[in-house]
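Structure record follows, encoded as structure tokens.
Along the sequence shown, the residues carry numbers beginning at 1. Computation of the quantities below employed the complete heavy-atom set of this structure, encompassing side-chain atoms and omitting hydrogens, waters and symmetry-equivalent molecules.
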Amino acid sequence: MATATTSTSTPTTSTAENWLHEAWLLLDEHIVQLWTPQIKALDDRYKAATVDDDGQALDQFHRLPGPDLWWWRRHPRVLTGDLGRSLRSAGAIGTDPDTA
């Protein structure tokens, strides 16, 4: 999940997931029914590529929104590079990139 931050390190609501969450309530029922299978498939892919730690690691860096925004409580399954090091320092457990 890509997020932008402000000077106070607060995540902005610029992610596609946040926008979709807000817009979903405004959409016509026909559109919701039409797009639900595609959105579910994308959610499933996102869940397969991430680990749910209830936001424990990410909460060390950003104040997390309410529990209905579940994607904020997940981090990448494979932890690598600066992001991986930062998340590991906050207690995240992920898959070693050499075994993924």
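The side-chain heavy atoms of Pro76 and Leu87, taken from C-beta on, include a pair separated by under 4.5 Å. Counting heavy atoms from C-beta on, the side chains of His75 and Asp53 come closer than 4.5 Å. Using a 4.5 Å heavy-atom cutoff, the side chains of Trp70 and Asp52 are not in contact.
In this structure, Lys47 and Arg74 approach most closely via the heavy-atom pair O-NH2, 2.9 Å. Closest of all the heavy-atom pairs between Ala57 and Ala90 is O-CB, 3.7 Å.
Leu42 and Trp35 fall into different hydrophobic clusters, where Ile, Leu, Val, Met, Phe, Trp and Tyr side chains are chained together by heavy-atom contacts under 4.5 Å.
Residues in residues 29-41 take part in these salt bridge (Lys or Arg N to Asp or Glu O under 4.0 Å) pairs, two or more places apart or across chains: Lys40-Asp44.
Taking OG of Ser86 as the start and CD of Gln60 as the end, the distance is 11.5 Å to the nearest 0.5 Å. Ile31 contributes atom CD1, which lies 13.0 Å from atom CG of Leu26 (distance to the nearest 0.5 angstrom). Interatomic distance, Asp28 CG to Gln33 CD, rounded to the nearest 0.5 Å: 9.0 Å.
Partners of Gln38 by side-chain hydrogen bond (donor to acceptor under 3.5 Å, both in side chains), not counting sequence neighbours: none found. Every residue two or more places apart in sequence or in another chain that forms a side-chain hydrogen bond (donor to acceptor under 3.5 Å, both in side chains) with Asp68 is listed here: His21.
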Stepwise, does the side chain to side chain contact (heavy atoms under 4.5 Å, CB included) test hold for Leu83 with Leu79? CA-CA 7 Å; Leu83 177 62; Leu79 300 176; 5.8 Å; no
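Annotation: Ile93, atom CD1; neighbour count of heavy atoms from other residues, nucleotides and ligands within 6.0 Å does not exceed 12. Heavy-atom contacts from other residues, nucleotides or ligands closer than 6.0 Å to CH2 of Trp24 number more than 12.
The closest donor-acceptor contact from the side chain of Asp54 to the backbone of Gln56 lies at 3.5 Å or more, if one exists at all.
Residue Arg73 is tested with Leu58, Thr50, Val51, Leu64 for a side chain to side chain contact (heavy atoms under 4.5 Å, CB included); the sole match is Leu64.
For the residue pair Trp72 / Asn18, a side-chain donor-acceptor distance below 3.5 Å is found, with atom types taken as modelled.
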